Every structure is written in C-alpha cells, then in structure tokens.
J.: 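One structure follows; several queries about it will come next.
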Protein chains: 2
Amino acid sequence: MDNDSALLALAALAHPTRLDAFRRLVQHEPEGLSTGQLVEQSGLTQSTFSTHLAVLAKAGLVQSEKRGRHFIQRADIDALRGLMLFLAKDCCQGRAELCEPLLAELACC
Amino acid sequence: MDNDSALLALAALAHPTRLDAFRRLVQHEPEGLSTGQLVEQSGLTQSTFSTHLAVLAKAGLVQSEKRGRHFIQRADIDALRGLMLFLAKDCCQGRAELCEPLLAELACC
DNA sequence: AATGTGCATCGTATAATTCCGATGCATGGA
DNA sequence: TCCATGCATCGGAATTATACGATGCACATT
C-alpha cells in the first residue's frame with residue numbers, strides 16, 4: 001500500500017458512519033451485508049449512506065457484489081491488513097523495539 | 001482506545017501534511033524534532049503547520065515539550081499502537097484466522 | 001531594558017465534506 | 001407488459017476543513 005492509498009483508507013475510516021459500517025461488515029465476513037441492512041442501521045438516508053459506501057469502495061476497503069436486485073457489501077480484510085502494515089512500517093522501520101509490544105498484544109487474538 | 005479517539009486519530013493522519021510529519025517524528029524517536037524543522041520541510045506557512053500540529057496533538061499522536069524557546073515535538077508510539085490495536089480488533093474479534101496473515105507479515109520487523 | 005526568535009491564535013477567504021430530496025436505471029415479480 | 005424495489009447519482013444547502021497573513025505572547029540574547 002502506497003502513501004496515497006493509505007491516505008484514502010484513513011480518510012474513509014475517519015467518519016463515524018463509515019467506521020461503524022466497516023466494522024459491521026468485518027464482523028459479517030465472509031457473508032457480507034446488503035446495502036439495505038447497512039442503511040437501516042445507520043439511521044441515514046439511502047442516498048447519504050450510498051455516498052459513504054462509495055468512499056469506502058474507492059478506498060478499496062469495501063467491495064460490492066450484485067446479487068439479483070440487492071448489492072452485497074463485503075469488507076476487504078486484505079485492505080485493512082495493508083493499512084495496518086503501512087502504519088506498522090512507520091514505527092518498525094529500522095526500530096523493531098518499538099513494535100514488539102504491539103506484536104505481543106496482537107498475539108492474544 | 002475508544003471509538004471517538006480512534007476517529008480523531010484516523011482523521012489526524014488522513015492528511016498528507018500530517019501523515020508526513022507524523023512519520024518523520026516516528027523516525028526521529030526518541031529525540032524528536034523542533035517545530036521549526038517540521039515547518040521548514042513541509043513547505044507550508046508556520047501558522048498553517050501549527051494548526052496541523054494541533055490536530056495531531058489533540059488526537060494524542062504527538063506530544064510537545066518546551067525546551068527554552070523551542071518546542072520539541074515527539075510522536076507518541078503508544079497512541080499509534082493503540083490505533084493499530086483498535087483496527088486489529090475489528091478483524092480479530094472472534095475470528096483469529098483473519099489476523100494471522102497480518103501477524104506473519106508483522107513478524108518480519 | 002530593548003530586541004529578535006519561535007510558536008500559538010485570530011480573522012477570513014476558499015475549498016471540500018456532508019446531508020438530503022429528487023430522479024433515473026436495472027431487476028424481479030404480478 | 002406494468003409496477004414495485006434497491007441502489008446510484010445529480011443538484012443544492014449547510015457545515016467543516018484548509019490555508020494564509022497579521023498579531024500577540026514568552027523566552028533568550030544583547
């Protein structure tokens with residue numbers, strides 16, 4: 001993941017509605033959720049939520065698959081992983097001692 | 001790190017100038033960099049950069065320490081770690097299989 | 001005490017984001 | 001074929017972010 005992609009991903013997640021939707025999608029991997037279900041839970045208008053979804057999609061964090069009349073939205077775990085690796089590089093490059101506590105905490109899951 | 005703090009941190013990093021400054025500060029841990037050095041490299045006005053720095057500080061990602069007439073800025077690695085753990089929880093909660101590749105890639109550093 | 005340096009903050013102009021209703025398009029069912 | 005559903009997209013209004021110059025304050029030097 002390059003700098004621009006990371007910026008897109010960070011901006012996409014830096015909004016309550018989008019962060020919430022993304023988390024819900026991750027929790028519903030790998031089945032995904034329909035756009036309607038996400039809209040309903042968000043409390044926003046369908047059109048408003050649709051633009052939020054487009055931001056997540058443009059950042060590569062969410063991918064949609066057409067299933068009949070519905071769209072199934074799915075979180076792209078690889079993209080999340082890419083973002084985390086990008087952030088990790090910031091603190092790990094040449095200085096592993098900064099990241100070891102992170103690895104220790106991650107190991108618990 | 002709770003949801004609101006994560007949103008602040010994500011928004012703080014979701015800007016080219018701030019992401020760049022934060023990365024430079026991480027690379028200069030633990031000595032830090034003076035505000036002036038950061039301003040000079042950013043190519044922006046001192047006042048503009050100062051507001052960016054305030055955003056990072058409000059998000060807890062950067063802490064400043066007064067040293068004479070200068071301010072030494074330092075990246076808060078714990079805050080970065082907190083953000084990464086927050087993101088990791090999204091993909092690891094109850095589903096470790098999603099995170100194992102992440103751990104494998106992080107292990108290299 | 002007087003001056004210069006380093007930074008925060010205020011005021012303001014411009015750009016971007018966010019939100020909604022309205023509209024349009026494609027699909028599935030009557 | 002005709003209608004209803006699910007979603008994207010357009011247009012516009014309100015809010016927020018971004019950038020700058022000007023100003024003010026604190027500290028160090030002279």
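Keep in mind that the numbers below use all heavy atoms, side chains included, and drop hydrogens, waters and symmetry copies. Everything numeric in this text was worked out from a predicted model, so none of it was measured.
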J.: Tell me whether the count of non-hydrogen atoms from other residues, nucleotides or ligands lying under 6.0 Å of CD in B/E40 goes above 12.
T.: no
J.: If you find the nucleotide of DNA chain C closest to A/G43 and the one closest to A/R67, which residue's nucleotide is nearer the 5' end?
T.: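 Counting from the 5' end, the first nearest nucleotide belongs to A/G43.
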J.: So which nucleotide from D/dC20, D/dC27, D/dC7 ends up closest to the side chain of B/L44?
T.: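 Of the options given, the side chain of B/L44 lies nearest D/dC20.
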J.: One thing to verify: whether A/E65 and A/R74 come together as a salt bridge, which I'm taking to mean a side-chain N less than 4.0 angstrom from a carboxylate O.
T.: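 Salt bridge flag = no for A/E65 with A/R74.
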J.: Could you check how far CZ of A/F71 sits from C1' of D/dT9, rounded to whole Å?
T.: 13 Å
J.: Would you mind classifying the nucleic acid contact of B/L53 as base, sugar-phosphate or nothing, using non-hydrogen atoms under 4.0 angstrom?
T.: nothing
J.: Could you check if a side-chain atom of A/L19 sits within less than 4.5 angstrom of a side-chain atom of B/F86, using non-hydrogen atoms only?
T.: yes
J.: Do the side-chain N and O atoms of A/D2 and A/S5 include a donor-acceptor pair separated by under 3.5 angstrom?
T.: yes
J.: Check the distance between D/dT18's P and B/L56's CG and give it to me in whole angstrom.
T.: 11 Å
J.: Using whole Å, what does the distance between atom C1' of nucleotide D/dA17 and atom NE2 of B/H52 come to?
T.: 9 Å
J.: Atom CZ of B/R69 to atom P of D/dT30: distance rounded to whole Å?
T.: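 The distance from CZ of B/R69 to P of D/dT30 comes to 9 Å, rounded to the nearest Å.
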J.: Mind calculating the distance between NE2 (B/H70) and C1' (D/dA26) to the nearest angstrom?
T.: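 The answer, rounded to whole Å, is 13 Å.
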J.: From the set D/dA4, D/dT29, D/dT9, return the single nucleotide nearest to any side-chain atom of A/T51.
T.: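 For the A/T51 side chain, the nearest candidate turns out to be D/dT9.
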J.: Does D/dT18 have OP1 or OP2 under 4.0 Å away from a side-chain N or O of B/R18?
T.: yes
J.: Please determine whether a side-chain nitrogen or oxygen atom of B/S47 lies at a distance below 4.0 Å from atom OP1 or OP2 of D/dC20.
T.: no
J.: What is the nucleic acid contact for A/T45, judged by heavy atoms within less than 4.0 Å: base, sugar-phosphate only, or nothing?
T.: sugar-phosphate
J.: Any side-chain to backbone donor/acceptor pair from B/S34 onto B/Q37? Under 3.5 Å, distance only.
T.: yes
J.: Is the side chain of B/R67 donor-acceptor paired with the backbone N or O of B/I72 at a distance under 3.5 Å, no angle test?
T.: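 No, B/R67 side chain to B/I72 backbone: no donor-acceptor pair under 3.5 Å.
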J.: Between atom NZ in A/K66 and atom P in D/dC7, what is the gap in whole Å?
T.: 10 Å
J.: Please report the distance, rounded to the nearest Å, between CD in A/Q46 and C1' in D/dC7.
T.: 5 Å
J.: Grab the NE2-P distance between A/H15 and D/dT15 for me, whole Å please.
T.: 15 Å
J.: For the side chain of B/S42 and the backbone of B/L44, is there at least one donor-acceptor N/O pair under 3.5 Å apart?
T.: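 Checked: pair present.
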J.: Reading DNA chain C in the 5' to 3' direction, which nucleotide is the first one with an atom under 4.0 Å from a heavy atom of chain B, and which is the last?
T.: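 First and last nucleotides in contact are C/dG4 to C/dT9.
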J.: Just call it for B/T35: base, sugar-phosphate, or nothing, with non-hydrogen atoms closer than 4.0 Å on any strand.
T.: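 Here B/T35 touches the backbone only, sparing every base.
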